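Note sheet for the following structure.
No experiment lies behind these values; they were computed from the predicted model shown. Starting from 1, each residue takes its place in the sequence as its number.
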Amino acid sequence: MDVSEHYIQLRLNFPHVNDEQEVHTTVGELADFLCCTMRNMNLIMNKFKENEWVRWNPQRGRGKKSVLVFCVPLLEVARERFNHLLNGNRMEDAYELAATLPIMMREHLMQQVQHQFGLRSNEGDKGRVDTLRIPQNTPFKTLDPTQTGIWGEVFIIAEVFDRLVRYNAERQVCEPSLAMAWESHSDGREWTFYLHKGIPFHHGRILDAEDVKFTFDRIISDKSNPCRPLFGSIESIEAYDQLTVRFLLNKPNFLFPDLMSSMSASILPRDVEMNPLHPIGTGPYRLTRHDSKLLVLEVFLAYFRGRAYVDRVEVWQLPHSAKVESIIKHDLFPDAEPRAVQHEMQGGVYMTFNMQKEGPQHDVNFRRAVQQLLNAQELSEALGSTNTQAAYSLIRGRVQQHSEQPDGSVTLETVLSVETSLTRASALLRRSSYQGQSLSLWVEEGEKMEADMVWFTERCKQIGVHINIMPGDPAHAVYQDGFGDSDLIYTGEVFNDHVMLSLVTMYTFQNTLFLIAMNDYWRHELEQECGQVVMIQEPAERLKRLIQLEDRLIREALLLPTYSFKEEHAHHDSLRDYRLAGYGLPDLRRLWVKRSPDAVEEDASYPVYIPLW
């Protein structure tokens, strides 16, 4: 351990002692703090004195206390050590140091980290190595494609795995991936896929039809698998030969090739037990490290669609900090304006109800009262930003016009009426079973969404609804205890570019936040409706049916959209072909670096800001 780290460790043991204040102690007590011998403590103290960090007046004799004075502030020594570690490319050690400090000091040090992220290009003995470093503040819980319901995890899965089919968002069609072609019977009950030859998994074995069969048998044979309803039409799978696999379905499914492009359909090797934190796939990157500090993806040289340009991707788990995102983004581009890439996300922010719990939320009049209180237009006018826009559907750009329903249900047109929203909410509340009890509202952690709910609870107070806000972690809700005792839920859904597939996934994949909130009745209803949708042959008719399903959920006040949003990425001009793929995440397969021809330095750094959380 470096002497400065000894000083930091010792100083932290005296949190209430000011600089230049005398401390009466003994060498033995100090040695205990540093877990060393008294002899080593004396050597360490001599180094402290050489650096003029302390004044030390030792006293000899039984029972006598020596006098210690700290002369240099803890932050000054910590900053010097932290920067030394960063300059030596020892980010992991720097993070460990920051994690030991009080939160205000930690955030101060983290401001030095911003230039460590982005794409770094280094010349070494084996040539040039391009490394993309991405900050992250939420640990990955699982990288099993059949389980994950979290945006950032999907980003990793997309790079580690391939699927039989990939969706081309520009052309809005499915294209070959692991499968070079596919065909079906006219009734949509049988689909056959023909695999490319010689595609290697990361562990070296060549993919064949038995791997495809294994992947989907694993899903449909496990009744607890959250994506089983998504592939519920599969009756059986046959590996016809090494390169041919046939799916027999229990009903027509004309969305089947599209389902094969979903992340849940990522192909696994049959000869390796699935490790949810260290998976093996066929993708352009192989996972070589994943722990509490760092996830590393190394380029897979034998990738069947061609080697990716970026050699290494590092996702760093930042020490907990309330301001970490703004710290990383702030002044990331001091020398020039960044090249910004804006992506209008499909999906959006919405409110729903915990239908797993008893309470007034089972009364449609109460839900419709909340629907009036959560007026999307008024919320946008009060708290909107340049990156958000009031929305009345999770389908981007969709505007609906409805007249008022005979049963008094709230329509999208009514929601727009700011003048009557509180009046209507109050009238609906009087017709409901709500009796003035306090209700808890789970809101996805984040400054913007929490501010939304402060505004909403103030509206609720005006008509006598009592709400307690409970910020929560989406990963905890998905993988652990759902929404617990919460009554109302405010969260969001991020779609990929295939909107139709995203809607079907939201309504059938059991690890979406929306379905976690629903009870068995509504889960069954949604699964049945989507089962009917996939039987429709014409895509336009399928989308129309899904829109009708969303309208039903809005009329029932189970889905209360509030706004859509944009993500903004920023990058150095030298990063070329920076394109956003599904879920608003960068397509690493296309990214490359254009270095200046007159660059003389061996190492170069190209800032890039990727909002991965």
Side-chain angles (χ1 to χ4, degrees), residues 138-158 160-161 163 214-235 237 247 250 253 255-256 258-268 273-277 279 281 347 350 352 354-356 394 442 444 472-484 489 491-496 498 500-531 533-534 549 553 558-559 582-583:
T138 303
F140 298 122
K141 300 295 185 182
T142 180
L143 298 175
D144 183 337
T146 70
Q147 305 289 324
T148 183
I150 304 299
W151 183 12
E153 292 170 347
V154 168
F155 172 68
I156 304 300
I157 288 170
V160 171
F161 294 99
R163 290 139 290 281
F214 166 80
T215 296
F216 291 96
D217 278 339
R218 176 176 179 259
I219 294 171
I220 63 176
S221 64
D222 180 4
K223 292 184 178 180
S224 66
N225 193 301
C227 73
R228 188 171 184 263
L230 191 62
F231 302 101
S233 61
I234 298 177
E235 184 72 31
I237 308 122
F247 293 85
N250 54 31
N253 188 334
L255 196 67
F256 197 73
D258 305 74
L259 289 176
M260 294 295 106
S261 73
S262 78
M263 289 298 159
S264 297
S266 298
I267 304 302
L268 315 178
E273 184 176 354
M274 175 64 184
N275 183 330
L277 296 181
Y350 65 89
T352 189
N354 187 358
M355 304 302 287
Q356 297 279 348
L394 295 184
W442 185 97
E444 187 171 326
D473 175 11
H476 185 83
V478 169
Y479 300 125
Q480 295 186 38
D481 66 347
F483 297 109
I489 295 152
T491 184
E493 191 72 31
V494 178
F495 292 168
N496 68 13
H498 196 326
M500 201 182 312
L501 176 59
S502 294
L503 288 167
V504 171
T505 301
M506 177 178 172
Y507 298 146
T508 58
F509 178 52
Q510 302 295 308
N511 274 357
T512 63
L513 290 171
F514 183 74
L515 274 191
I516 288 171
M518 292 297 104
N519 56 16
D520 290 343
Y521 170 80
W522 278 106
R523 289 182 183 185
H524 177 74
E525 283 289 294
L526 291 166
E527 186 175 339
Q528 290 296 108
E529 281 293 321
C530 289
V533 167
V534 300
L549 178 54
L553 292 171
L558 287 167
L559 178 65
Y583 303 98

- [ ] With sequence neighbours excluded, tell me which residues meet side chain to side chain contact (heavy atoms under 4.5 Å, CB included) with A158.
- [x]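 With sequence neighbours excluded, A158 shows a side chain to side chain contact (heavy atoms under 4.5 Å, CB included) to M263, given in chain and number order.
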
Task: Qualifying residues under side chain to side chain contact (heavy atoms under 4.5 Å, CB included), relative to N519, sequence neighbours excluded - done: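 For N519, the residues satisfying side chain to side chain contact (heavy atoms under 4.5 Å, CB included) (neighbours in sequence not counted) are M355, H362, Y521, W522.
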
Taking all non-hydrogen atoms of both residues into account, name the closest pair between [X] and [Y] and its distance.
X	Y	result
T146	C227	CB-SG, 3.6 Å
E153	L143	O-CD2, 4.0 Å
G482	I516	CA-CG2, 3.9 Å
P226	P229	O-CD, 3.5 Å
F161	I267	CD2-O, 3.6 Å

Do [X] and [Y] have side chains that get closer than 4.5 Å, going by heavy atoms?
X	Y	value
Q356	F483	no
T508	R523	no
M500	T505	no
S262	R163	no
N354	I489	yes
V478	I150	yes
Q147	P276	no
M274	P145	yes

What residues form a side-chain hydrogen bond (donor to acceptor under 3.5 Å, both in side chains) with [X], not counting sequence neighbours?
X	result
D481	H476
N511	none
S261	none
S221	none

Which distance, rounded to the nearest 0.5 Å, do you find between the [atom1] of [X] and the [atom2] of [Y]?
X	Y	atom1	atom2	result
N496	S502	CG	OG	3.5 Å
L394	M506	CG	CE	5.0 Å
Y350	L513	OH	CG	5.5 Å
H498	L259	NE2	CG	8.0 Å
L503	L549	CG	CG	8.5 Å
Y479	K141	OH	NZ	9.5 Å

TODO: List the steps, then state whether side-chain contact (heavy atoms from CB on, under 4.5 Å) holds for L268 with F214.
DONE: CA-CA 8 Å; L268 315 178; F214 166 80; 4.2 Å; yes

In chain order, what residues pass the salt bridge (Lys or Arg N to Asp or Glu O under 4.0 Å) check against [X], with sequence neighbours excluded?
X	value
D144	R218
E444	none
E235	none
D217	K213

TODO: For the pair I157 and T148, evaluate side-chain contact (heavy atoms from CB on, under 4.5 Å) and give the outcome as yes or no after the intermediate values.
DONE: CA-CA 9 Å; I157 288 170; T148 183; 3.2 Å; yes

Task: Reference residue L526; test side-chain contact (heavy atoms from CB on, under 4.5 Å); the match among V504, L558, L515 - done: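 For L526, the side-chain contact (heavy atoms from CB on, under 4.5 Å) test succeeds with only one of V504, L558, L515, which is L515.
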
TODO: Check the side chains of N250 and S233 for a donor-acceptor pair under 3.5 angstrom, ignoring hydrogens and angles.
DONE: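 Result is no, nothing qualifies.
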
TODO: Only counting residues at least two apart or in another chain, list the ones meeting ring pair (Phe, Tyr, Trp, His ring centres under 6.0 Å) with F231.
DONE: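 Scan of F231 (ring pair (Phe, Tyr, Trp, His ring centres under 6.0 Å), adjacent residues dropped) gives F216.
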
Open item on the list: Quick one: does any side-chain atom of Q510 pair with a main-chain N or O of N225 as donor and acceptor, under 3.5 Å?
Closed with: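 Absent.
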
- [ ] Please list all pairs passing the salt bridge (Lys or Arg N to Asp or Glu O under 4.0 Å) test where one or both residues lie in residues 508-518, with sequence neighbours left out.
- [x]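 Passing the test, one end in residues 508-518: no pairs.
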
Task: Q480, CD: over 12 other non-hydrogen atoms inside 6.0 angstrom - done: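 Yes, CD of Q480 has more than 12 neighbouring heavy atoms, counting only those of other groups under 6.0 Å.
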
